Number of protein chains: 2
Amino acid sequence: MAKFKLDDIDHQILDILIDNSRTAFTDIAKRLDISAGTVHVRVKKMEEAGIITGSSLSLDYKKLGYSFIAYVGVFLQKTSQTKFVLERINEIPFVTVAHVTTGKFNIFCKIRAKNTEHAKKIIFMIDDIEGVYRTETMISMEESLNDKKRLMHSIFKELQ
Amino acid sequence: MAKFKLDDIDHQILDILIDNSRTAFTDIAKRLDISAGTVHVRVKKMEEAGIITGSSLSLDYKKLGYSFIAYVGVFLQKTSQTKFVLERINEIPFVTVAHVTTGKFNIFCKIRAKNTEHAKKIIFMIDDIEGVYRTETMISMEESLNDKKRLMHSIFKELQ
DNA sequence: GGTGAAAGCACCGAGTT
DNA sequence: AACTCGGTGCTTTCACC
């Protein structure tokens, strides 16, 4: 995992694409006062280097009726069951991310559900996995996502 | 927050764009055997309805030297300080998401750092915020992101 | 609500400096 | 490594269904 050397132009291109990945390269070129070909080549290089791994849509899950977010900490009977249980957890589509953690829990995951009723079903599915001793749930009452651009900006400063 | 009625075509368009938001509309049109104009109109409608809130790049933070992920649970001296502390936490660029939660912690956040040394600094910054009583950290040793398409598929089935 | 056509742009590789 | 340029292909609108 070698670090890739990003210069200021790369950084500014990323900044724009993080905000809107469908921005036309000619538009980026105009804003940065470089040619569209340069934007194209640099994006391609960052893709080849594996810095840019893809592009995706941001969706409003609340508008789709999925406004419930919770974190579920999982305690296992034996640590050796981690891999098996993690695989079962990842089969549940309403689990958006799962981690193997140190500290209190063995596994830690985030779920997205319609409501408390639905969340209960999902948590019971996790509880029912062979090897799970018990779970502990934290319900999110308010989520605030941080700006990806600000993280990128801090990373960029460090890379200089 | 009214639910938007998505039909099968909308769903398939989302499926493709979730995977790669730069997919050309003509390409989507060919795959779904509809016209490019239709793809264009439907995406626009989903944007106007607020279902699609934007598009972004996926970056490999490990390649940029940021491979450390941890979750930090925050205990407050008084619940009334929640808003103030949340705002201070959100000012730290290495905090990627923060939640107000029920259960064990008052606030719960995810951080991304270079290494343990760097993470320690970030956690100390949180500890130092006025009103924070103490924190509890869980270090992620392995992260597995779930496929957004699978969640979308489950949501779509429910919407019918 | 969908289509096909058409004008205007964008993409992206080749050749040049 | 960046620029220009041009063929090919994409976007977006609109009259029509």
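What you see is a predicted model, and the numbers here were worked out from it, not measured in a lab.
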I need the [atom1]-[atom2] distance between [X] and [N], as an integer number of Å.
| X | N | atom1 | atom2 | result |
| --- | --- | --- | --- | --- |
| Phe25(A) | dT4(D) | CZ | P | 18 Å |
| Ile34(A) | dC11(C) | CD1 | P | 13 Å |
| Leu6(A) | dA1(D) | CG | C1' | 16 Å |
| Asp27(B) | dT12(D) | CG | C1' | 17 Å |
| Glu47(B) | dT11(D) | CD | P | 13 Å |
| Ile16(A) | dA10(C) | CD1 | P | 14 Å |
| Lys45(B) | dT13(D) | NZ | C1' | 15 Å |
| His40(B) | dA7(C) | NE2 | C1' | 15 Å |

Does [X] put a side-chain nitrogen or oxygen below 4.0 Å from OP1 or OP2 of [N]?
| X | N | result |
| --- | --- | --- |
| Arg42(B) | dG2(C) | yes |
| Thr38(A) | dA1(D) | no |
| Lys44(B) | dT11(D) | no |

With nearest nucleotides of DNA chain C determined for Arg22(B) and Asp7(B) from heavy-atom distances, which residue corresponds to the more 5′ nucleotide?
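Nearest nucleotide further toward 5': that of Asp7(B).
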Need one value for Lys30(A): base, sugar-phosphate or nothing, where a base atom within 4.0 Å counts as base even if backbone is also close, heavy atoms only.
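Here Lys30(A) touches no strand at all.
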Looking for any heavy atom pair under 4.0 Å, which part of the strands does Thr26(A) touch: base, sugar-phosphate only, or nothing?
sugar-phosphate
Separation of Lys114(A) NZ from Ile155(B) CD1 (nearest 0.5 Å)
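So the gap between those two atoms works out to 10.0 Å.
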Pick out which of Ile16(B), Leu17(B), Asp15(B) makes a side-chain contact (heavy atoms from CB on, under 4.5 Å) with Ile13(B).
Leu17(B)
Between [Y] and [X], do the side chains contain a donor N or O and an acceptor N or O under 3.5 Å apart?
| X | Y | answer |
| --- | --- | --- |
| Thr53(A) | Asp60(B) | no |
| Thr79(A) | Thr82(A) | no |
| His99(A) | Tyr71(B) | yes |

Along DNA chain D (nearest heavy atom to each residue), the more 5'-positioned of Ala24(B) and Gly37(A)
Gly37(A)
Side chain of Ser35(A) only, heavy atoms from C-beta on: which candidate in dG13(C), dT4(D), dT3(C) is closest?
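In terms of side-chain proximity for Ser35(A), the closest of dG13(C), dT4(D), dT3(C) is dT4(D).
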